[in-house]
Amino acid sequence: MTGEREQLFKDQERIRANIDSLKSGASQRELAERFVTKLNEQEERLEAIARELERVVREQKAAQKEVLDRVQALSFTADLGTPPADKGQGRDGSKG
């Protein structure tokens, strides 16, 4: 989305430069109107992208909060058992 947004900004700069370079005349006015229409469409798309980015950020924050809440709600208990009676014996029962 941000890539599309940046591309739209670049395209708008190009269109504005084209509009500025036009002289008066019927064909130039028609072309200028076409450029203005294109700019309006792009502005609408930029606004939609901005709304979508805001929504994504809100969802991301909510998901992060939910993960944090779940992690904080976790509890851990362990039964470590009782230690062996004779600490001097190995696994095979021999001392040492």
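Just so it is clear, the structure is predicted and the values come from calculations on it, not from any experiment.
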Straight-line distance of [X] [atom1] to [Y] [atom2], nearest 0.5 Å:
X	Y	atom1	atom2	answer
E13	L8	CD	CG	11.5 Å
R45	I49	CZ	CD1	4.0 Å
R51	E47	CZ	CD	6.5 Å
Q7	E4	CD	CD	9.5 Å
E52	R55	CD	CZ	4.0 Å

With a sphere of 6.0 Å drawn around CD of E30, does it hold more than 12 non-hydrogen atoms of other residues, nucleotides or ligands?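 For E30, atom CD is not crowded (no more than 12 foreign heavy atoms under 6.0 Å).
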Selection residues 33-43 - residue pairs positive for salt bridge (Lys or Arg N to Asp or Glu O under 4.0 Å), sequence neighbours left out: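 Output for this query lists R16-E43.
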Listed by chain and number, what are the side-chain contact (heavy atoms from CB on, under 4.5 Å) partners of [X], not counting sequence neighbours?
X	value
R70	E66
A50	none
D69	K65, Q72

Are F9 and L39 linked, directly or through other ILVMFWY residues, by side chains that come within less than 4.5 angstrom of each other?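 No, because F9 and L39 fall into different hydrophobic clusters, even though each may have its own neighbours under 4.5 Å.
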With E44, which residues qualify under salt bridge (Lys or Arg N to Asp or Glu O under 4.0 Å), at least two apart?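 Counting only residues at least two positions away or on another chain, E44 forms no salt bridge (Lys or Arg N to Asp or Glu O under 4.0 Å).
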Remaining members of V71's ILVMFWY cluster at a side-chain heavy-atom cut-off under 4.5 Å?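 Joined to V71, directly or through intermediates: V67.
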